[in-house]
Each structure stands twice: as C-alpha cells, then as structure tokens.
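Report on one structure; see the data block that follows.
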Amino acid sequence: MRMSNLFSPTLRDDPADAEVVSHKLLLRAGFIRRVTSGVYNFLPLGLRVLRKIEAVVREEMNRAGAQEILMPMVQPAELWKQSGRWDKYGRELLRITDRHDHESCLGPTHEEVVCDLVRRELRSYKQLPMNLYQIQAKFRDEVRPRFGLMRGREFVMKDAYSFHADEDDLAREYQNMFDTYTRIFTRLGLKFRAVQADTGAIGGRRSHEFHVLAESGEDVIAHCSACDYAANVEMATSCRKVPVSEGADLETVKTPGATAVEDVAGLLHVDPALLVKTLVYRVKRADEADEIVAVCVRGDDQVQAVKLARLLGADELVMAADEDITNIGGVAGYVGPQGLNARVLADETLKGAVGLIAGSNEKDAHVTGIDLARDVSDAGYADVRECREGDACPTCGGGIGFSRGIEVGHVFELGRQYAEPMEVVFQNADGKRAVATMGCYGIGVSRLVAAVVEQCYDDAGIIWPMHLAPFHVVFISLGKSEQVINVCKQMYEDTQAAGLEAVWDDRNERPGVKFRDAELMGIPIRVVLGERGLSAGKAEITIRGGEKLEVPLEDVLNFVRAEFDRRAA
RNA sequence: CGGGACGUAGCGCAGCUUGGUAGCGCACCAGUCUGGGGGACUGGUGGUCGCCGGUUCAAAUCCGGCCGUCCCGACCA
C-alpha cells in the first residue's frame with residue numbers, strides 16, 4: 001500500500017471529545033471514526049488490526065474444537081418471549097417493528113437464536129457435545145457509551161455456545177474454554193487476569209471474566225497478593241477484623257442534622273465502624289410486587305449492590321423513596337434496623353456485634369448500645385458489603401489489592417436456564433428425554449483493539465506488537481530524488497514479495513510529517529531512505545519504541561525479515 | 001435516568017459578559033523557496049455560528065424549547 005492512496009486521515013490534535021488513550025490514538029492515527037454515539041466506522045488500518053485479532057480468536061476457537069457459524073443480527077421477538085427475556089432484558093435491547101407490525105430486536109447476544117437452531121436438529125445425546133461460535137456485530141443500547149471502542153453500542157464480539165448431555169461434560173468444556181481464552185489473551189500479548197464474576201443479565205451459575213489490566217478500565221478487580229484468588233469487586237468476598245464494643249442498653253442520643261456516617265461518628269467521637277448504616281432498597285422482581293428491604297452494613301463499609309441484587313434475586317434494585325421509608329416506620333437520614341416493618345438484612349460483619357450506634361427512626365436522633373441479635377432478632381445475615389483494599393483473602397488470608405480492568409472475555413456455565421424454556425431436548429442413553437446443559441463464552445473483539453492500545457503506546461502514538469500491526473513495515477522515502485524513490489520502491493516491493501505487509505510513504509510531505517505519522521500509527525519497523533543514506537549506501541531502520549540503526553541497502557530485506565520473524569514469534 | 005459542561009470551517013479554539021462587517025492556528029488549493037523530526041513566504045477556497053421559535057430596527061451574542069456530544073453519578077440515609 002502506498003501512503004498516498006491510504007485512507008487514513010491523521011489528526012494533529014486530540015479530538016476534544018476523546019478521553020482515554022486508546023480512543024484518542026485510534027482517532028488521531030486514522031483507525032476509526034465515529035458515526036454516532038457508541039457506533040464507529042473502522043477505516044483500513046483499524047480493520048486490518050481487527051481482522052488480525054479475529055484471526056487469533058478464530059484459530060484458537062477452531063483448535064479448541066468449536067465450529068464457526070454466523071447468526072443474524074435481527075432476531076424475532078417470539079424467541080425472546082419464549083426465553084422470558086423480552087420482558088426482562090430491559091432498555092438495552094433495541095426493539096424494532098417492521099412493516100408487518102412484527103416485533104424484532106437487534107441481537108445483544110444470541111442464546112435464543114442458537115438454542116432455536118440447535119433444538120431443531122438435536123435428537124440424540126450422540127450429537128453432543130457441540131460448541132458453536134460466531135464473530136459478529138452485537139448491539140446493546142448502552143445507557144452511557146463511552147471511551148470509543150471500549151464501550152460502544154455496536155461492537156464486534158466472538159460469542160460461543162456449547163451444548164452438553166450432562167454437567168460433567170459442561171464442566172470439561174468450561175475448562176477447555178477457560179484455557180483457550182488464556183491462550184488467546186496470551187497470544188495477543190496482553191497483561192490480563194481471570195477473575196470470578198457475577199453472571200449479570202446473561203444468567204447462569206459459574207463464571208469468570210478475563211480482564212486486561214489498565215488504568216482506564218471500568219471495572220475494579222480484587223486480587224490476592226499471595227494466592228491466585230481474584231474476583232470482580234461485584235463478587236469479591238473478604239475477611240476483616242472488625243472493632244468490637246461493649247454491650248449496653250439502648251439509649252437515644254440527639255444528633256440534629258447529622259445524617260451522614262462521618263457526621264454522626266464525628267459528633268459522638270467514635271470509630272465509624274461502630275455505626276450501623278441502614279440503607280433501604282426497593283427490590284423489583286418480575287411478576288411480583290416490589291419488596292422494601294432494609295440493609296445494614298458497618299458505617300465504614302459500602303453495600304455492594306450487585307452482590308445484594310444476586311442475593312435477593314432482584315431484577316432491579318433501587319434506593320427506596322422517602323415515602324417508602326416512612327411506610328416501614330423509618331425516617332430518611334435516621335433509619336435504624338430496629339422496629340422496622342420490613343425485612344432486615346445485615347452484613348455478616350455485624351453478626352454478634354453489640355453496643356453499636358444506629359439511626360433511631362426519629363428525626364435528629366440516633367440510638368447507642370444496639371445489639372442486633374437482641375434488638376432485631378429476625379434480621380438475616382449475609383455478605384453484602386464491598387470488599388476493600390487491605391482486607392484478607394477469603395481463601396488464604398493474604399492481602400487483597402485492587403486493580404482496574406477492561407473486561408475482554410467472559411465464560412459462563414449457563415446450565416439449563418435457556419435450554420429449559422427454549423426446549424433444547426434430546427434422547428439420552430437410556431432412551432429418556434433430557435434437557436441439554438449449556439455454556440456460553442464471549443470475547444469483545446473490537447474492545448480488544450482498544451485494550452491492546454491501552455497497553456501499547458507512548459507519547460508519540462501506538463506501538464503495535466508485530467502480529468497485530470496493520471502493517472509490519474513502513475518505508476519512508478525522503479525528498480524528491482528519483483534515485484531515492486526508485487530504490488525505496490524496490491525495497492518496498494521486494495519486502496512485499498517476501499510476504500511481509502508493507503506500506504510505502506511516497507507522499508510529498510516533509511520528513512517530520514512522515515516520521516510522526518509512522519509513529520502515531522505504530523508500525524513496528526520503519527525504514528528511512530534519503531539522499532544522504534543513499535550516497536552512503538545505507539538505510540536507517542528504527543524499531544517502534546526501540547533501537548535505531550544503519551543497515552547497508554543490500555541487507556535491508558534480510559534485516560527486516562529477520563526482525564519480523566523475531567518479533568512475530 | 002440525575003447532575004455538570006459544551007455545540008462557531010475537516011481538526012483545535014477565540015468572539016457571547018456589554019446585540020451592529022464571523023475570526024485565529026492547523027489542514028486544504030495555487031505558486032515560489034525549502035527538503036532528515038509537524039518548514040517559510042505570497043495569494044486563495046471553505047461557515048444556513050447544532051435546530052426551531054421568541055425579543056429587537058438588528059441575534060453567534062439575550063430568552064424559551066428541542067436535538068446532539070462529552071464528563072461525573074446512578075448504594076452511602
């Protein structure tokens with residue numbers, strides 16, 4: 001490819017609306033352009049990288065025994081109604097109505113369609129197991145798309161679905177996919193970590209997320225410094241020594257205007273951990289009236305909403321309105337667990353604690369000396385708090401640390417949650433009707449483009465690893481000398497003939513412009529030839545982000561090829 | 001969905017307070033010089049100032065509504 005023909009408009013300035021590194025650089029280097037919120041065009045360079053990442057994913061999926069298919073983006077409402085998700089999935093599901101008033105949606109994921117496909121053909125256990133995957137565009141109408149390719153509404157995903165006759169076989173495939181993902185992200189050269197995860201909207205039982213470690217990540221993962229325990233904070237558990245107090249009688253103290261934990265603790269001169277923070281939630285579940293639940297944690301703790309929602313079987317969890325609080329006998333700002341006309345759920349760190357301070361359910365007052373076992377005898381206990389840095393690891397007792405991560409892969413053991421309503425059934429070895437058990441496995445392919453950039457860049461631009469780079473080598477001819485141009489062209493053509501992907505910057509631009517663009521685009525090997533070099537019989541070769549050296553013209557091809565082999569390995 | 005900011009040429013921005021000729025840098029076009037790290041000079045092209053409405057003799061500027069974009073939050077009672 002000649003740079004003079006390449007559709008890759010580079011920008012000198014950072015676009016004003018780009019925040020994270022990958023978004024800025026992919027825009028500036030001419031890899032992507034925004035169409036509308038959360039929706040992007042891939043330009044030639046961006047597409048080349050996307051295709052290379054796809055190729056790695058495809059190769060490893062095939063190697064793992066999965067088969068590639070392609071399912072439609074438009075999916076009929078009936079299938080979603082059958083799985084029950086037409087009503088449950090919420091506003092992220094973009095619904096459309098066609099000219100016949102027939103309802104459809106744009107696929108955010110493909111469990112329904114793949115179940116429909118498989119159930120039509122599945123007869124016998126002998127056809128199992130089966131793992132089908134696709135690499136395809138997904139659409140999720142995100143509340144807040146952001147950060148370019150990191151959180152788009154339309155994005156490219158590899159999604160795989162496996163079907164099994166029994167749980168043991170599902171567990172085997174889950175491990176197979178776990179190992180496959182580990183190979184994929186390793187091959188992509190990423191610093192990543194597999195973590196225990198919540199199953200979220202997809203549902204199911206066991207699941208792990210694969211996170212690329214990066215400051216710009218939207219997720220927080222908790223990991224042990226001593227063992228391999230790692231979990232999304234939405235899931236993470238931990239152990240902690242909590243301060244204790246003396247048992248005492250309930251007593252009301254005036255705390256006018258003090259509603260926040262810090263204010264109350266400050267006013268009463270106590271450790272915030274000796275306060276009981278009571279939050280009131282409205283729990284929404286499909287086909288049921290809302291429930292109001294009071295949740296207690298230590299004053300210095302946070303409720304982990306995702307954990308709580310899972311525990312309560314909630315489809316949606318919202319903070320209760322002041323009116324809801326009044327209805328259960330509380331006063332907003334001064335809610336305490338005692339005497340509430342609602343279910344009380346307390347964090348396990350409060351179990352057996354005595355002499356604590358809580359809201360009094362009266363304005364401008366708190367109570368001291370509360371003992372949950374005595375004063376709120378019907379309270380339930382569970383792990384509902386958010387894990388904190390410095391807590392002890394639940395498996396080995398080591399220290400828990402936090403990192404930010406970009407979720408690039410997720411594996412689930414779905415079980416029969418979809419196969420049951422979708423009637424994915426077969427005849428087992430005993431001749432009996434059985435429901436298949438399923439796994440599903442996703443990789444955010446377009447998000448990976450951004451994730452790689454988040455880990456591979458410097459002040460000048462992107463630094464692609466060789467096997468993901470849009471081109472392996474860029475030739476830069478300087479000046480108008482015909483001799484320089486001819487020699488450069490020859491080297492460029494020879495390199496292509498040798499099977500490398502080369503681009504030749506033949507533009508009538510000043511040297512600085514060409515250097516900057518090559519660096520911005522992140523092409524790994526740069527070969528520069530000017531009159532000065534030509535007369536010395538040498539070209540200058542620079543490795544992006546690395547060394548620079550002079551190479552005799554006749555050795556350039558071999559040098560480039562050797563450098564490619566070394567770095568592509 | 002709540003809060004905040006923003007919307008002026010392809011990109012980055014000024015002008016708006018105090019209404020009166022739409023500007024700057026980069027990019028782009030033509031030319032001359034230049035030619036190893038975003039060059040210089042000369043001359044040009046390009047705008048319904050997001051959209052609709054209102055106030056006014058007059059609106060990029062003031063007012064209202066809408067649309068779009070970005071940031072923060074959406075559990076801390």
Side-chain angles (χ1 to χ4, degrees), chain A residues 9-20 23-24 27-28 30 33-39 90-91 142-148 233-234 255 257-265 272 275-283 293-309 314 316-322 324-326 328 330-337 340 347 358-361 363 366 384-386 460-461 476-481 484 507-520 526 528-534 536 539-540 542 548 550:
Chain A
T10 55
L11 304 172
R12 189 178 286 234
D13 304 309
D14 282 338
D17 53 8
E19 184 75 7
V20 298
H23 191 195
K24 286 180 187 173
L27 283 168
R28 280 188 58 203
R33 284 293 182 266
R34 195 183 74 96
V35 178
T36 184
S37 178
V39 178
R91 288 173 300 279
E142 292 277 352
V143 190
R144 191 177 160 205
R146 56 183 143 177
F147 303 155
V233 280
E234 294 177 347
T255 50
T259 57
V261 164
E262 312 81 70
D263 297 343
V264 177
L275 266 62
V276 176
K277 182 157 66 179
T278 306
L279 308 181
V280 182
Y281 290 88
R282 173 175 283 268
V283 180
V293 176
V295 178
C296 300
V297 293
R298 292 264 177 176
D300 58 341
D301 268 326
Q302 316 262 332
V303 171
Q304 219 308 321
V306 174
K307 274 188 190 178
L308 181 62
E316 202 188 337
L317 207 56
V318 294
M319 297 309 291
D322 287 1
D324 296 326
I325 297 176
T326 309
I328 60 166
V331 176
Y334 303 92
V335 181
L340 285 180
D347 186 68
S360 64
N361 295 320
K363 189 162 167 50
H366 283 73
V384 296
R385 73 189 181 282
E386 183 155 300
I476 294 179
S477 49
L478 300 178
K480 284 183 186 159
S481 151
V484 167
R507 296 175 300 172
N508 182 21
E509 288 288 355
R510 306 204 34 113
V513 174
K514 297 186 176 190
F515 295 150
R516 296 264 185 180
D517 277 350
E519 281 156 2
L520 186 57
R526 184 180 87 186
V528 177
L529 186 66
E531 279 187 81
R532 208 170 69 193
L534 185 66
E540 176 198 283
T542 310
K548 177 191 283 197
E550 307 260 295

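The sequence lines fix the lettering, A, B, ..., with proteins before strands; numbering per chain opens at 1.
Straight-line distance from the NZ atom of A/Lys24 to the P atom of B/C70: 14 Å, rounded to whole Å. Between A/Asn508 atom CG and B/G38 atom P the separation is 16 Å, expressed in whole Å. Protein atom CE of A/Met319 is 17 Å distant from nucleotide atom P of B/G73, rounded to whole Å. In this structure, the CZ atom of A/Arg516 is 14 Å from the C1' atom of B/C26, given to the nearest Å. Computed from coordinates, the A/Leu520 CG to B/C26 P distance equals 19 Å when rounded to whole Å. Atom pair A/Lys548:NZ and B/G36:C1' shows a separation of 9 Å (rounding to whole Å applied). For A/Glu386 and B/A74, the CD to C1' distance is 14 Å, given to the nearest whole Å. Rounded to whole Å, the distance from CZ on A/Arg144 to P on B/U69 is 13 Å.
Residue A/Lys480 places its side chain closer to B/G35 than to any other of B/C75, B/G38, B/G35. Among the nucleotides B/C28, B/G38, B/C70, the one closest to the side chain of A/Ser37 is B/C70. Of all nucleotides listed (B/C75, B/G37, B/A74), B/A74 comes nearest to the side chain of A/Val143. Distance from the side chain of A/Asp517 is smallest to B/G38 among B/C75, B/G38, B/C28. Looking at the side chain of A/Phe515, the nearest of the listed nucleotides B/C75, B/G36, B/U69 is B/G36.
Looking at A/Lys480, its side chain never comes within 3.5 Å of a backbone N or O of A/Asn508 through a donor-acceptor pair. Checked by atom type and distance alone, the side chain of A/Arg33 pairs as donor or acceptor with a backbone atom of A/Leu27 at under 3.5 Å. Checked by atom type and distance alone, the side chain of A/Tyr334 pairs as donor or acceptor with a backbone atom of A/Gly257 at under 3.5 Å. Remark: the backbone N or O of A/Arg385 is not paired with any side-chain donor or acceptor of A/Asp301 at under 3.5 angstrom.
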All N/O pairs under 3.5 Å across the protein-nucleotides 49-52 of chain B interface:
none

Give me, pair by pair, the N or O atoms of the protein and of nucleotides 11-15 of chain B that are less than 3.5 Å apart, along with how far apart they are.
residue : atom : partner : partner atom : Å
B/G12   : OP1  : A/Ala16 : N            : 2.8
B/G12   : O4'  : A/Asp13 : OD2          : 3.3

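Judged by distance alone, with hydrogens and angles left aside, A/Glu519 brings a side-chain donor or acceptor within reach of the base of B/G37, the pair sitting under 3.5 Å. Contact annotation: side chain of A/Arg28 to base of B/G10, donor-acceptor pair absent below 3.5 Å.
With the nearest nucleotide of RNA chain B identified for both A/Thr278 and A/Leu529, A/Leu529 has the one nearer the 5' end. Nearest-nucleotide mapping onto RNA chain B: of A/Pro145 and A/Leu534, the residue sitting toward the 5' end is A/Leu534.
Taking atom P on both B/U18 and B/G12, the two are 29 Å apart, rounded to the nearest angstrom. Across B/A14 and B/C62, the matching P atoms stand 15 Å from one another, rounded to whole Å. Taking atom P on both nucleotides, B/U48 is separated from B/G23 by 15 Å, rounded to a whole Å. Taking atom P in both B/C1 and B/A59, the straight-line distance is 34 Å, to the nearest Å. B/G20 and B/C63: their P atoms are spaced 15 Å apart (whole Å). Straight-line distance between the C1' atoms of B/G15 and B/U21: roughly 14 Å, to the nearest whole Å. A gap of 31 Å separates the C1' atoms of B/C57 and B/C67, to the nearest Å. Comparing the same atom, P, in B/G73 and in B/C16 gives a spacing of 33 Å after rounding to whole Å.
B/U42: Watson-Crick or G-U partner is B/A30, with both key distances under 3.5 Å. The partner of B/G73, taking Watson-Crick or G-U wobble pairs whose two distances both stay under 3.5 Å, is B/C1. As the counterpart of B/C57, B/G20 is assigned, both hydrogen-bonding distances of the Watson-Crick or G-U wobble pattern falling under 3.5 Å.
Every residue meeting the side chain to side chain contact (heavy atoms under 4.5 Å, CB included) condition with A/Glu262, not counting sequence neighbours, appears here in chain and number order: A/Ala260. Among residues two or more places apart in sequence or in another chain, the side chain to side chain contact (heavy atoms under 4.5 Å, CB included) test is passed with A/Val318 by A/Arg282, A/Lys284, A/Glu316. In this structure, A/Tyr281 has no ring pair (Phe, Tyr, Trp, His ring centres under 6.0 Å) partners at least two apart in sequence or on a different chain. Taking A/Glu540 as the reference, A/Arg526, A/Val528, A/Thr542, A/Lys548, A/Glu550 meet the side chain to side chain contact (heavy atoms under 4.5 Å, CB included) condition, with sequence neighbours excluded.
Close to B/A40, at under 4.0 Å from its OP1 or OP2, lies no side-chain N or O of A/Arg510. Between A/Arg146 and B/C72, a side-chain N or O to OP1/OP2 separation shorter than 4.0 Å is present.
Put simply, the side chain of A/Thr255 does not reach to within 4.5 Å of the side chain of A/Asp263, judged on heavy atoms. For the pair A/Leu317 and A/Val283, the minimum side-chain heavy-atom distance is below 4.5 Å. For the pair A/Thr10 and A/Arg516, the minimum side-chain heavy-atom distance is 4.5 Å or more.
Interatomic distance, A/Asn361 CG to A/Ile328 CD1, rounded to the nearest 0.5 Å: 7.5 Å.
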